[in-house]
There are 4 protein chains.
Amino acid sequence: MTNFKAALKKINTFILDVDGVLTDGTVLVLPDGEQVRQFNIKDGYALQLAVKLGYHIEIISGGTSESVRNRLNGLGIEHVNLACKDKMAVFNKCIEKSNLSPENILYVGDDIPDYEVMKAVGLACSPSDAAEEIKSISHYVSPKKGGKGCIRDILEQTMKIQGKWFDANQFDAETAKGIGHQFGW
Amino acid sequence: MTNFKAALKKINTFILDVDGVLTDGTVLVLPDGEQVRQFNIKDGYALQLAVKLGYHIEIISGGTSESVRNRLNGLGIEHVNLACKDKMAVFNKCIEKSNLSPENILYVGDDIPDYEVMKAVGLACSPSDAAEEIKSISHYVSPKKGGKGCIRDILEQTMKIQGKWFDANQFDAETAKGIGHQFGW
Amino acid sequence: MTNFKAALKKINTFILDVDGVLTDGTVLVLPDGEQVRQFNIKDGYALQLAVKLGYHIEIISGGTSESVRNRLNGLGIEHVNLACKDKMAVFNKCIEKSNLSPENILYVGDDIPDYEVMKAVGLACSPSDAAEEIKSISHYVSPKKGGKGCIRDILEQTMKIQGKWFDANQFDAETAKGIGHQFGW
Amino acid sequence: MTNFKAALKKINTFILDVDGVLTDGTVLVLPDGEQVRQFNIKDGYALQLAVKLGYHIEIISGGTSESVRNRLNGLGIEHVNLACKDKMAVFNKCIEKSNLSPENILYVGDDIPDYEVMKAVGLACSPSDAAEEIKSISHYVSPKKGGKGCIRDILEQTMKIQGKWFDANQFDAETAKGIGHQFGW
């Protein structure tokens, strides 16, 4: 999309897959069968900032691990949909429940189960290591891999184009007082 | 093998090693001695789809960790043979019990204990980081490493050549209704 | 900074962020929501040596995980400040409490919350995978990534320039007796 | 060493560091402070084979984690020395207790605490990511990193030059019967 930056200006909602997007796609399996996933702290910084700035964030994952809900709730994300077999059906419920407009939604996915939703949103994005079918229908493919900063890259670009990201020039010109919001406090 | 794609058409059975094939070969050791392995979510997507499509899948591993059985059962794989010291003996039992034909079997291994079985099957495959002895007898060496998508690559190629993989063109031409099987629901 | 090596001579205090600096920025989330971080053993060797040699070391982290305190206490680091929402406020308390001089302080950070403190210390350093805003105000960007030896690189350079690092020439010229301090015993 | 291969012929003992050699140098810290390390399965295959073939294997580690002893005992390695502050003192006790000759010993280390012992053995080896001081005194620097196959590389080369490694040509010429020892059964 030649006009990716312009399209970012209309985004007020992020809908995100988990495995391979918020994680590197690795699942560690504990002896009792419980699964452990690996999240990225720079993604986390951007996510909690986006929550504070009022973006609507929705998670749609096929996984069933409550540790994912724990992690994302801890960042302030309330809408965590797990065990989603049919992501399109969940997506339709989400937009109805929260009155979301597809053209304002940016979705990040990495594999076949994300395909249908990605065709339905305003901006479809993916990490550099997404499946080929997914990259081929993405408006933007991040140079970062899943779990290695692709969400940070995408959220940061959105907030920058909307004038909501940390601005070093502004920071350096002011005193430190009263600019805590720039750090996400 | 110049005719790898053609040979894939005859495959109805996948027999897989675990460490270094379904994992990256790393074993995390917990304080009580229990081991934790790292599986790949894109491998997992292809495996559960292969189960649903009726492929026979058999695991032959030298490892003893029940967490491996938990993970693979969770994907729908019933035949999980652990603690196999002599993989050829286990292989022979498997083909007898399930009446499998070696020429329809694709085996993926990465190290010396896989050598003998790999000489006995129709298609011997390995990840890019397999031992040299194993790569030298493989009909196909995946460009992907163990635990980093080599199983996804091999299963996806098989299902594609057999017309069973997700087809974006077909999807785009149809309505979404009734095509859930393409996603593995 | 053309004179980075010279500036290192004045450093007697290291203040360090944790996530993305002492770790690679990955957070593993256990089923009960507890977080697991990954530290680097070569960083650890340099840190425990720095403690023994009398450097003042202070940790300022936004994270809340007591496992971080456990790990760092185990290396001999007493001043571990966790759950710091406003790092500048914590920094100011630290320098007052321990009577530290900013020009003798080397700080290592990797993301926006570190920005303000990095502007206030004598030497601001970052790993190669820090956020761009942070790298742009760093006097030194290590070629090593966070959790992959950036702290070892920075501490080792400091101790070398101050004549406190292991010296192979001196070691080879002496008998082994009495030089245990070179290994950190 | 131009004559590394020749020197390997005299080796009957392997003495190994753990962190950064048998692992990639990462330490995962659990909430209760316990540490988890990551071992490599191809290293493990070579180690258990070396035990079966009668090589003397000795571990000298500064770490204190009993999970390390669990993992290595599971591979058949009995001599696991943990919490070694002065590795040279432990080394001297080992060679006395087991009547070892330094010229028959291959030692693999990666950091300053290994320096002194590496000067005392017949063959000093290190992974590609060892500290510079260690690589500079190594007779052989493996192209593999610690925990990523450097031990497999070194043990495999030793067993090959001594005619004890798996030999595909011999295997292919024989029937499978009676050659289980080649796989380490």
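Fair warning: this is a prediction, and the values are worked out from it, not measured in the lab. Just so you know, these numbers use all the heavy atoms, side chains as well, and skip hydrogens, waters and symmetry mates. Proteins get letters first, then strands, A, B, ... in listed order; numbering begins at 1 in each.
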Would the distance check show the side chain of A:D17 and the main-chain N or O of A:S61 forming a donor-acceptor pair, the cut-off being under 3.5 Å? no

Are side-chain N/O atoms of A:Y45 and A:E156 paired as donor and acceptor at under 3.5 Å? no

Taking atom types as modelled, is there a side-chain donor on B:S142 or B:D153 under 3.5 Å from an acceptor on the other? yes

Identify whether the distance between the nearest side-chain nitrogen and carboxylate oxygen of B:K135 and B:E132 falls below 4.0 Å. yes

Between A:S136, A:G33, A:G25, which has the largest tally of heavy atom pairs under 4.5 Å with chain B? A:G25

B:K87 and B:D114 ion-paired at < 4.0 Å: yes

Examine whether an atom of B:R152 lies under 4.5 Å from a heavy atom of chain A, and if so say whether it belongs to the side chain, the backbone or both; otherwise answer neither. side chain

Per-residue tally against chain B (heavy atom, under 4.5 Å) across A:V36, A:D19, A:D111 peaks at A:D111

Choice from B:K42, B:R69, B:R37, B:E34 maximising heavy atom contacts with chain A below 4.5 Å: B:K42

Whatever's closer than 4.5 Å to a heavy atom in chain B on A:D32 counts as backbone

